[in-house]
Structure formats: structure tokens, C-alpha cells
Amino acid sequence: MTGCSEPRYREMLHQYELDLLPEVDLVEFEQHLLECDECYRAVTEFQSVARHLAHSPDVRKCVEDILAETSDGTDVESSARSGAEERRSWRSFVPISLAAVAVLVFLVLKPWEIEIHSTMEAVATEGRLIVMPFENLVDPEDSLRLGSTISHLLTTDLSQSKYMNVVPAQQLRKLVDFVKRDYEDSGDEIDPSVLVARRSRAQWVITGAIVQTEPVLVLSARLSDVISGETLASRRAVGRTGDDMFMVVDSLTVEVKNLLSLPLEALTEMDRPVADVTTASYDAYRSYLEGVEAYLQIRYNDARREFQQALKYDSTYAMAYYFLASLGQPELIAKAIEYSDQAAERDRLHIMVSKAAIDGDDDRRIALLREILQKHPRDIVALLQLANHEANAGHTDVAEQMLLRAIDEDPLYRFAFNTLAYLYARTGQLEEALCIADRYISIAPGEANPYDTKADILLAMRDLPSAITALEQVVVIDPGFAHYQSQLKLGRLYVFHGHFDKANARFQEIAAQADRGMRSQARTGMALIPMYQGKFDSALSILDDGIVADRMELATSGNRGDRSVKHFVKSLIYLEQGSFDQSVLEHQQAIAVHSDVVERSGPLFRCTYAQVLADAGRYGEADQIADVLRQEAESGQVSSWAAHHYATGCIELAKGHSAAAADHLRKACEQAGYVDFRHMKAKAQLAAGMYEEAIAEFEWLADNPAPYWSLVLGIWTVKAHYYLGRAYEATDRIDDAIAQYETLLDTWKDSDEDLAAVEDARQRLVQLKKQS
Amino acid sequence: MKINELYELAKTGDRTQENRLFESMSDRFLVLMCQRVWDAEDASEIVQDTLVKIAGMYKDIEIEVSFSAWAYKVLLNEFRNYVRKKKRRADAMETRFHDECPPKEWQADLELEPRLLDCIRRLAKRNLRYVRVLNLSHQGYSAQEICQKLNLTSGNFYVALSRARAMLKHCLEKGDVNL
């Protein structure tokens, strides 16, 4: 693929190569090729292949033969073949224009003077309409934002009809911002409003102006074809004295619908005045719009303030209550329900969905969402929520389809991109997940979340350097993003990559800025830095300080913080230093944070405790734990099997029965592929002389570090190089063995003295270098 | 260096930079025209005619947007002239003009084609949808029509194509469709 930074063009690449781009996009892509070295290189490298794919008779025959072999006779291509040659005509580079179906001239005189200035009528069968912000000719700065307000109202009013497919107002706002950014960068000649309309895939666009506000409101509106730019009709609505903006918009709605030649049934549809489905107060509506904008940008404090302001102007504004209910005041959903008859039908359904969610009635919530989709198949919020439900139910294909529909409907719908990326990641489709994350970035390059999502996917792909780059971007945009979780992830990755100063800087910032729970985790991180470098005494000291700080900070919160992990890490350090009794004590402390009685703690806690006991020579106690785990597993607690085999394997290894140990640990890994399980399995295999197996396992561990747990087990992660070196040595791969010992010695070059693995590695290295 | 940057240097009169500008345009234009036009000689001729026109105008003309955008328009006009001429000739000969069909003297790359056919067969086992897309595109359907026929969203379509391309490329380089 191309390394082009514009996902839009990466999408176009293979379509271009297969001659599938429509002319408008072809022109755009060709222009891009003149400037983009990445895309140009990708095209030239693949050009011969692409030509063969598109045009070689042998390739065509091959494709037909393959489909003939696999077809059950209902293959869609077979029906497509008849008359296919007629369809193939040379590419038209004249923009497609809609056929005008009727010529109509009429003049209607109503209380509001309606004048018609053009004579074409457009067909609106499956047409999509977008209403652009009105220009304010009276106040060019539009200081009161009347232009966008009228556009919103008109959109809302038109959307009441089920025969209209109107681009939602929120989507328009995102499109305007997005196109404005592109337009400023590209130096394009095309009118940005045209770009917005095209991006929205609208067939028609309404542009308008506020011609006069005093003594009466006068609006003009023009309906145009998006592709050709041709004006199809225009209208001018003049209010009577005393008419407010809502009433004039109502009349304009009627005239626009007349222009579009909707089916006869549309004439008998109930058309409620727009004030009845929003608010009769301009100020309330204005505040509501500001609130929605802030909400969509995840500025929740601002959103909350605006909705509260809207309620001050109109205490019956149902949708303002609806949003506030989702912003930490769930009790307000009752008010939204109370006033829901003053909301549009679709909004009313969403209010009920929200109520069902707050009440915990998931069945009702899902039923209502399905009802919304049945009536409004393009409702992206319903699609997203249902997709989440289907994904949780394991129907990932269905979830994927819904999310893609939502994105098709609104190509700037951030939540859908985010959800889809994680869905792909969860189902192992990591390339697709990365692709979606990049598209998410392209539509929201100034937001932190898309980069964080991308980082998670790159971590799943084990591409740690790229994940670091993505997380660095998150921190630049918003250092406190996700309660500093991203900074924490970044700090940990820095440790893996030996950027210890950078790691420390991240942990220090979190410890200074974040909430108590995160501060606890940051303190653990600070200790992992020296631990990873083999500076165990320093690590122990930092851990002790951290434990004290945790106790003080978290005592009243009931939050355990990261204390258990700190004790666990201390246990590992003591084990490495040969201080077995202290190791056992620390492990007990680790368990005690979660459970006052060891026997009642989870199986994974107990199996590692058994390991520590066995290493300390306390085989009886270790065997007892392993036996209890076996009994639990036999009585139906399936998760205990892995723990039982792990405990037994570690006990056997401590006793020197390496073959039996390897067998048990293999079984443990078959149940659960945890990093520590795999490490111990590899260690046992090495001890049992199963060198190739040990090599495969240690190599896998080196290539696939678990970003968090491999760091907590940092001692083992680093020592794996030592063990791998031993395995290479035993299989006569001298150069590989040297490389592993050198890696160990480099990582632990400043380690505490007298580390056995370091001493042994040094001696082996000297010997090996003499030999080679 | 990018075309617009070369243009800025070339218009100062520096002949070396001018040569670099025209070489760069020639390379890129040829790639574009080889995609649009079957006959390599015709493609080359279109590019040459375009460059001649640009050479005669570029120092004097007022470029409002960007040089590359303007140069591209000149190229596109030359291409349209070529199409019009060809169509008139085809009409005169009472034959159907079909620019997309390969000329009878289609020259396969004998080293590439067998490998490509093999890779397509391997790919079909993993991604039959892509083969369907190819088939429909051979029959002249547009991307939108293909999506409708195969019940794909544009998002699906893009993912299917990009993945298949990566697999094909990998297969041609390494002999295996598995990435």
C-alpha cells in the first residue's frame, strides 16, 4: 500500500488501478499523484500488475473460470453478463447532471409573498438534501448566529417528513469544519459549500440568505443540484408583522417540500410547526444548539452549561433535559419524558431509549432502538448503539455492518470509527482495524482519542515503536486524556525501549496531576524503571515509598490502587535475590490487598503463590495449593485447571523434575497463554533439554511483549535473553547466543552487583567469543 | 523535489531546474496517461504535446492556484482532444470506439502474467469477493454498481480491495498470499 498520509487517497488507490474511480474522483486522484511521492511510487510499482488485472484477457478468463467453478448458478455476475458490453463506454468526464422532469411555471400569492424565480422542478425520489447555513445579509458577521439557527430549524422541520432524506444539522456542522480545513490546505478553486454538499453525498443543496430582519423577517432560499451546480428553483419568504422566525421557517419548509415533488402521501403527512418540536424561544434554541455542538466535541462541561441555560429560557425543552440526563443527571430523564410531546417523533423515541437505559431495562432499550431504525433507517445513533449490543452478543458481522452503515451515512461519525476499529481488533482483523483508525485520525486530526485508538491497535500488532509515536501524539494534544491512561501506557512503553528518562518524566507528571488511583499506578511505574535495569535495591526502595503513599492516599477511598502489584513486584525481586522468605511474605501481602484469606483468593493469585513457596523449598504448602486447585477444577471451576497445572509445573521445576514440569506447564499454556505461563514453560523446556521448544517459546516472548504485564515481570522479560542464549548455546548457534548475552548485559549494565545471571552470562560470553 | 517547488525555481530562468521540472512532469504525466490510454505511443504523444504547450506558456501565464493544478488541466485537455479525434476516426470507420478494451496486440508480460494468474487463484481461496469485484469491473460496472450488486458498503469495498491488493503484492513478491 501507499504510505500517503491521506487515508482518502489510500482508499482510492486500488480503485484507480482497476479503473473504478468515477471521473470526479479520478481527476482528484490524478492531481494528487502529481504531488504525492508515496502514492506515485505505489502506482508505478504496481502499474504493470494493475494493467494486467484490469485488462489482460488471460486474467479475465482466469477470473471467469474461478467463479464458474465456485458458482451455484445464482452468482450475481452471471446475470450481469447479458448486455454487459453495452455498459462499457468510455469514461465520461462531463459531470453527471440530473434529468429535469418537468417544466413548471406558477406564481403563488400567500400572506408571505412567495416569488418563484426559476422554472425547474426536481425529482426527489431517493434524493438527499442538505441545508447550508444561511447568509446574513443584514449582519454579515452574523453576530447572533441567525444564519446557522435558521438552517438548523429548516433541517429539523424538513426532517419531520419520512419522505425527506435530509442531512442532519450536526453532520453539517462537522462537514463544514472538515471541509474548511481541507479547503484552506488545498488552495482549491471550488466553492467550499459545494465541497460540503458533495461530501455529504447530497443530491440537492439549499442555500439561503436573511435578506431583512426589520420590520419583518425576509428569507430567500435557493435549491440547487449539487453535482452540476444548476439552480433548480428559488423562494423568497416574507413574514407578516408579528411573525417570528419559527413561523417563517414553517412556511419555507412547505415551499421547499413543494419544490421537491414528494409523493402525494407526503401532502397528508402531519406537519407540526417547528416550534412545537423544538422550542418557541430563540434564546433557548440558540443555547441548545451550542450545547449539542459542545457535546459532540466531548466538551461536556460546556455542554452541560448550555443545556442548563436553554432550560432557563424554556423550562419545557425536552431535548435539553435528555442531554443533561446523559451528562450526569439521570434523574432529569423524567422531565424529558414529561415534555416529550414537545419533541419530534424520533427525538421522543431516543428519550425513551435513554429512560430504558437508565432503568436498566436492556430489552426495552434494544426494542426501541430497533423501532427507531425501522422508522428511520439512517439514524446513526441507533445504529451505533445497536452495533454495540450485537458486538457484545458476539454477532460481530452484524455489528460491523451496522457500523459501516453509520459511517456511510455520516462519514465523519467519530464514535462509529472508534467502535469499528476496536471491533476489528477484537476479532483479530488488525490490518482493517488500523485502516479504520487512520480514517478516524483523518477526520479528527486534532483530537486525542483517534491516536489513542491507533496506539491500542498497534500494541495488539506488537508494533511498539509505532504505538509510542501514536501515544506521543495523544499526549501532545491532551496530556490528561482518559485520566492520564495514555500517559501511563506511554511511560511503560518507554521503559521497554530503554528510554528511562522519558518514562520517568511521564510517571512524574501523572503522579503530580492525576487522580489517586492513577497516581498509585504511576508510583509503580517509577519503580519498574530501575527494576528493569536490574537495580533491585533502588526499585525496592521506591516500591516501599509507593506503598506508604498508597496507604495514605487511598485509605479513605476504599480503592486498592496498585498496592497489590507493588507487593507482587517486591516478591519477584526478593525471589531473584534469593531472599525466599521475604518473597513469600510479600506475595502474601499482594494477595491480602484483595482477600483477607489466601485460600479465598483467585486461582491466579494462588498458583503464583505456590510457585514462590516451591522456590523457597516449602513444597508441602505449595503442593497443598496445587491440590486444592485441582479439586476446584474437577468440581467445575474450569479456570482453575490452568492454575493447577501452572502451580504443579513450577513445583516440579523447583524439585528438579524438569520433564514433568515442562509437561504441566504446557498444559497450563494450552488453557491460558499468559506471558508468565509461557515464560515458565520455556524455562522448564530449557531445563529438560527441549532446546528447540524453548527457543521457539522465548523467541515468541521476545517478539510479543505484553505491554503491561511483561513490564511487571520485567526481571523475567530481561532474563529471557539469558535463557535464550543458553538454549542457542546448547544448539550450537553461537552467534545468536552471543547476541542474547550481550543484550542481557547491556540492559543490566548498571545493575546491582552479584546478580547470578549477569555473572554467568559474562563468563559464557567470554568463552563463546574465544571459540568464534 | 515537488513539481510546484521546481516550477518556482525554473521560472527564475535556471535551465537546470527547468529541465528537472519537465523531466519530473514527463514521468508523472506518462504514468497518468498509461493508465488512461492503451497505446503506449499514444500516451507518450499526449504527454509530449502537453509538455510542449506548457513550455510555451508557463513563464508568462498567471497561475492562480498551483502550477501542478494548471499543468494537469493542460494534460487533461490534451487527453480529451485525443479521445475526440479517436472517436471521430472510429465513427468514420463505422466501428465502435472502445478505449478501455485492450488492442488486439495486447502484450502480456510473460514473466509476470503466469505468476499473477497463480496468485489470483490462491487469493480466490481466501477472498472470493475480490475476484467477484474484478469480474464485475471487467464487465464495465462502476464501483457504486459493484457495491450494490455485492451488497457492500463503500467501507467494505475499500477494505476488501486494499487487503486483496496487499495479499496479491505479497504473493508476487514472496509466493504466498498470507501476509
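All values derive from a computational prediction rather than experimental measurement. Lettering of chains follows the sequences in order, A, B, ..., and the numbering in each one begins at 1.
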Calculate, to the nearest 0.5 Å, the distance between atoms [atom1] and [atom2] belonging to [X] and [Y] respectively.
{"X": "R60(A)", "Y": "S137(B)", "atom1": "CZ", "atom2": "OG", "value": "7.5 Å"}
{"X": "E11(A)", "Y": "S162(B)", "atom1": "CD", "atom2": "OG", "value": "8.5 Å"}
{"X": "E64(A)", "Y": "Q139(B)", "atom1": "CD", "atom2": "CD", "value": "7.5 Å"}
{"X": "L18(A)", "Y": "Y130(B)", "atom1": "CG", "atom2": "OH", "value": "5.0 Å"}
{"X": "Y141(B)", "Y": "L20(A)", "atom1": "OH", "atom2": "CG", "value": "13.0 Å"}
{"X": "L67(A)", "Y": "N135(B)", "atom1": "CG", "atom2": "CG", "value": "5.0 Å"}

Counting only heavy atoms closer than 4.5 Å, note whether [X] contacts chain A via side chain, backbone, both or neither.
{"X": "I146(B)", "result": "side chain"}
{"X": "L161(B)", "result": "both"}
{"X": "I120(B)", "result": "both"}

Heavy-atom pair with the smallest gap, counting every atom of [X] and [Y]:
{"X": "A42(A)", "Y": "R165(B)", "result": "O-NH2, 3.2 Å"}
{"X": "R28(B)", "Y": "C36(A)", "result": "NH1-O, 3.5 Å"}
{"X": "Y158(B)", "Y": "R10(A)", "result": "CE1-O, 3.8 Å"}
{"X": "H138(B)", "Y": "A54(A)", "result": "CD2-O, 3.5 Å"}
{"X": "V27(A)", "Y": "R36(B)", "result": "CG2-NH2, 4.3 Å"}

Greatest number of heavy atom pairs closer than 4.5 Å to chain B - which of [options]:
{"options": "D65(A), T44(A), L53(A), L33(A)", "result": "L53(A)"}
{"options": "E17(A), Q401(A), M12(A), R405(A)", "result": "E17(A)"}
{"options": "I436(A), V49(A), I407(A)", "result": "V49(A)"}

Would you give me the side-chain donor-acceptor pairs under 3.5 Å for residues 45-58 of chain B, sequence neighbours excluded?
{"residue": "T50(B)", "atom": "OG1", "partner": "I46(B)", "partner atom": "O", "Å": "2.7"}
{"residue": "K53(B)", "atom": "NZ", "partner": "E78(B)", "partner atom": "OE2", "Å": "2.3"}
{"residue": "Y58(B)", "atom": "OH", "partner": "E18(B)", "partner atom": "OE2", "Å": "2.5"}

Checklist entry - Is a side-chain donor-acceptor pair under 3.5 Å present for Y72(B) with E30(A)? => result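 The criterion, which ignores hydrogens and geometry beyond distance, is satisfied for Y72(B) and E30(A).
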Next on the checklist: Is there a side-chain contact between I66(A) and L128(B) in this structure, where contact means two heavy atoms from C-beta onward sitting under 4.5 Å apart?
Outcome noted: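 Of all side-chain heavy-atom pairs linking L128(B) with I66(A), at least one is under 4.5 Å.
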[X] side chain to [Y] backbone, donor-acceptor under 3.5 Å:
{"X": "R51(A)", "Y": "C34(B)", "answer": "yes"}
{"X": "Q47(A)", "Y": "V31(B)", "answer": "yes"}
{"X": "H52(A)", "Y": "D109(B)", "answer": "yes"}

Checklist entry - For atom CG of N151(B), is the number of surrounding heavy atoms from other residues, nucleotides or ligands below 6.0 Å larger than 12? => result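 Result for CG/N151(B): open.
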Item to check | Greater than 12 external heavy atoms within 6.0 Å of E41(B)'s CD | outcome: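 12 or below, so no.
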Item to check | Worked check of salt bridge (Lys or Arg N to Asp or Glu O under 4.0 Å) between R163(B) and E431(A) | outcome: CA-CA 8 Å; R163(B) 192 149 177 80; E431(A) 293 283 345; 5.2 Å; no
Checklist entry - Of the backbone (N, CA, C, O) and the side chain (C-beta and beyond), which part of Y16(A) lies under 4.5 Å from a heavy atom of chain B, both, or neither? => result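 Looking at Y16(A), backbone and side chain both touch chain B.
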